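Remarks on the structure that follows.
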Amino acid sequence: MEERRENFAPRSKKPKSGGFLAQGSIYAASGVISSLIGLVYRMPLTRIIGDEGNGYYAAAFNIYAIVLLLSSYSLPLAVSKLISARVGAKNYRNAERILHAALLYATVVGGIGFTAIFFGADWLAASFLHTPEAAYPLRALAPTVWIVSYLGVCRGYWQGQSTMVPTAISQIVEQILNAGVSVGAAFFLMKWAVRQGKNEALSRAFGAMGGTIGTGVGAASALLIFMLLFLMTRRSRLRKARRDCEHPAESYEEITELLVLTVVPVILSTAIYNVSGILDNALFGQAMYDLGKQTEIAKQYGVYTGKYKLLLNVPIMIANSLGSALVPALSRAVGANQKKEVRKNIALAIRFSMIVAIPSAVGLGVMADPLIPLLFGKSELAVHIMHLGCASVVFYSLSTVSNAILQGTNHMKVPVAHAALSLGIHVLVLETLLRIFELGIVSIVIADMVFAVSMCILNAGSLKRLLKYRQEIGRSFLLPGFCALLMGLATAGAKIALKRLTGRVVFYTLLPMFLAVAVYGSLLLLTGAIREEELLRFPKGASLCRLAKRLHLL
């Protein structure tokens with residue numbers, strides 16, 4: 001079926017260059033704050049339920065994530081894409097009709113997702129994951145699927161209005177409540193299970209269930225914020241819709257068709273792109289079981305997801321945020337036939353993501369020890385796989401942004417094909433490393449990196465072929481890489497010196513990290529990796545420029 005192109009934006013109006021960067025920065029900041037809150041609460045949660053409980057928690061979230069992908073994960077992007085095209089043309093009547101149709105869609109798919117998880121939890125945990133205890137946290141996640149479906153529509157609507165602020169605020173509130181309820185419920189339920197005479201594995205499963213209850217409470221609080229926002233803006237939205245006499249009302253059948261045509265390719269690409277997590281869990285569990293190492297399944301996978309992936313996802317969150325803000329901007333630029341503007345936004349997005357991802361990878365590699373022991377307690381396995389897999393930050397960030405670029409320029413099916421091919425390579429590498437070389441959890445770390453590298457290569461080829469985009473190398477990759485290398489050397493030196501001088505883990509962890517930020521930021525400006533006109537596009541850009549000039553960095 002041919003992809004339908006959106007051409008609702010007025011051709012006379014040129015989109016504002018770099019506007020998505022400010023919105024993406026706001027969303028990225030909220031994402032970082034949320035991720036840091038996640039890190040903070042996962043520390044006591046991990047100590048309460050242990051690596052084994054983390055394994056149950058992660059296994060449940062893998063199933064939850066795939067159901068979410070199939071039901072509502074793509075809704076924010078799809079709704080924002082459709083809304084932004086109409087808002088750009090001042091087609092407010094049909095923007096509201098899209099909101100109504102999307103809410104109905106969320107009701108249906110959210111209900112199906114809830115039913116599948118709630119009633120299928122036992123079978124999925126026992127037969128698919130070989131971790132029967134994961135059924136408890138998985139069933140607790142079932143209502144969250146329905147809540148997140150509505151939440152996705154709300155976030156997509158406001159992103160389509162070119163504001164990420166409601167999404168950013170709701171995300172932070174969601175994570176704060178998630179943190180408090182998760183830790184409290186995990187502690188209470190695990191103690192209750194012990195008092196009831198449950199064995200250790202079952203007690204930890206109840207603790208993991210408490211952790212997943214917090215996810216639902218947090219999502220419900222975020223949805224409540226959006227409900228209040230819609231009530232507050234109801235009059236102005238309806239007034240705009242009533243005054244829009246220029247555009248004929250689109251039928252709900254046509255809107256639903258457009259929604260499905262937009263959602264399905266995104267579902268396929270994101271599902272394939274993220275299904276590697278659940279496949280990793282299943283293939284790892286089966287291979288370890290066949291090798292007679294079943295007692296190591298939950299513990300090793302708990303270290304991988306509860307420590308390694310948790311830290312790795314903080315910088316990757318910035319690329320996800322940038323991609324979410326980029327899609328509506330690209331949709332408007334494509335609709336306005338501004339090819340130069342499209343290429344400019346692509347270059348900005350890739351450069352910004354690399355400016356963040358490259359030093360993040362270096363920093364995680366240099367500071368894995370002592371950062372991981374400080375946050376989670378001693379874990380040689382977690383430090384080892386972080387040293388091995390820290391470069392994944394760069395490849396996952398680049399592939400995430402390039403996926404968003406292809407989706408935002410109406411090449412929705414391309415990332416699907418690339419993700420499917422990359423997933424095949426991923427599985428082949430994973431099975432080889434698991435069963436022939438018997439590398440255990442290290443196999444997943446390497447296979448994940450191979451998947452992301454494959455996506456980067458394939459997406460880069462499509463950007464060149466479909467959009468005639470020629471990637472600039474120097475300021476996007478070489479200069480950030482050079483600055484990150486110097487930053488890494490300075491950070492490593494400071495870590496070693498402070499460790500010898502103080503012997504206090506807090507000092508030789510936090511102080512080198514602050515130094516890393518200062519050194520890298522200064523080098524970016526001194527080398528011209530970020531120029532004044534680009535810095536001005538950031539939130540508080542004028543203030544940042546004034547500060548940089550006072551420090552003689554510009």
Side-chain angles (χ1 to χ4, degrees), residues 32-62 64 131 133-138 140-141 174-218 281 295-314 364 367-387 440-441 503-510 513:
V32 170
I33 293 170
S34 298
S35 297
L36 291 176
I37 295 170
L39 276 175
V40 170
Y41 92 78
R42 286 295 294 271
M43 286 188 281
L45 183 63
T46 298
R47 294 179 188 277
I48 291 169
I49 64 178
D51 286 338
E52 187 177 353
N54 255 333
Y56 303 145
Y57 181 88
F61 259 94
N62 278 332
Y64 164 77
T131 312
E133 293 85 357
Y136 293 94
L138 181 58
L141 281 169
E174 175 184 359
Q175 193 70 325
I176 290 172
L177 284 176
N178 179 13
V181 174
S182 291
V183 174
F187 179 81
F188 174 80
L189 287 176
M190 189 166 170
K191 291 294 183 183
W192 176 85
V194 171
R195 287 198 301 269
Q196 296 299 312
K198 309 291 185 185
N199 60 39
E200 184 179 355
L202 206 53
S203 297
R204 295 191 183 280
F206 271 90
M209 182 172 71
T212 58
I213 288 172
T215 306
V217 173
N281 197 172
T295 57
E296 292 294 310
I297 294 174
K299 185 176 181 180
Q300 285 195 26
Y301 202 75
V303 169
Y304 168 77
T305 56
K307 297 174 182 176
Y308 167 77
K309 288 289 282 187
L310 194 64
L311 282 174
L312 209 68
N313 283 338
V314 174
L364 286 172
M367 296 300 296
D369 187 6
L371 182 59
I372 289 174
L374 177 65
L375 294 176
F376 307 110
K378 188 176 180 181
S379 178
E380 292 181 6
L381 177 60
V383 172
H384 173 61
I385 61 178
M386 181 60 78
H387 284 150
I441 202 66
R504 298 288 297 274
V505 66
V506 174
F507 288 126
Y508 65 79
T509 302
L510 298 182
M513 290 171 66

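Computed from a prediction, not measured in an experiment: that's the story for all the values here.
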Shortest non-hydrogen contact from Gly211 toward Asn178: O-OD1, 4.3 Å
Student check: side-chain heavy atoms of Tyr301 and Thr131 closer than 4.5 Å: no
Summary of side-chain hydrogen bond (donor to acceptor under 3.5 Å, both in side chains) pairs that have at least one residue in residues 197-218, sequence neighbours excluded: Glu200-Arg204
Partners meeting side-chain contact (heavy atoms from CB on, under 4.5 Å) with Phe188 (sequence neighbours left out): none
Residues that Thr46 engages under side-chain hydrogen bond (donor to acceptor under 3.5 Å, both in side chains), provided they are two or more places apart: Asn54
Check: Ile441 and Val303 side chains under 4.5 Å, non-hydrogen atoms: no
Partners passing side-chain contact (heavy atoms from CB on, under 4.5 Å) against Arg47 (at least two apart in sequence or in another chain): none
Contact summary for Gly210 and Ala185, nearest pair of heavy atoms: O-CB, 3.5 Å
Partner residues of Glu52 under the side-chain hydrogen bond (donor to acceptor under 3.5 Å, both in side chains) criterion, sequence neighbours left out: Tyr56
Residue pairs passing the salt bridge (charged side-chain N to carboxylate O under 4.0 Å, His left out) test where at least one lies in residues 302-311, sequence neighbours excluded: Asp51-Lys307
Residues which pass side-chain contact (heavy atoms from CB on, under 4.5 Å) with Leu189, listed by chain and number, not counting sequence neighbours: Phe206, Met209, Ile213
With sequence neighbours excluded, residues passing side-chain hydrogen bond (donor to acceptor under 3.5 Å, both in side chains) with Glu133: none
Cut-off 3.5 Å, no hydrogens considered: what does the side-chain donor-acceptor table look like for residues 367-376, sequence neighbours left out?
none

Pro44: partners by side-chain contact (heavy atoms from CB on, under 4.5 Å), with sequence neighbours left out: Val183
Atom pair OH/CD1 of Tyr304 and Ile385 - distance to nearest 0.5 Å: 8.0 Å
Met386 versus Leu311, closest heavy-atom pair with distance: CE-CB, 3.7 Å
Close side-chain approach of Thr305 and Tyr308, heavy atoms under 4.5 Å: no
Minimal non-hydrogen separation, Leu45 against Ala186, with atom names: CD1-CB, 3.4 Å
Heavy-atom pair with the smallest gap, counting every atom of Ile48 and Met190: O-SD, 3.1 Å
For Tyr64, side-chain hydrogen bond (donor to acceptor under 3.5 Å, both in side chains) partners two or more places apart: none
Nearest atoms (heavy-atom pairs only) where Ala179 meets Ile37: CB-CG2, 3.9 Å
Atom CZ of Phe61: over 12 foreign heavy atoms under 6.0 Å: yes
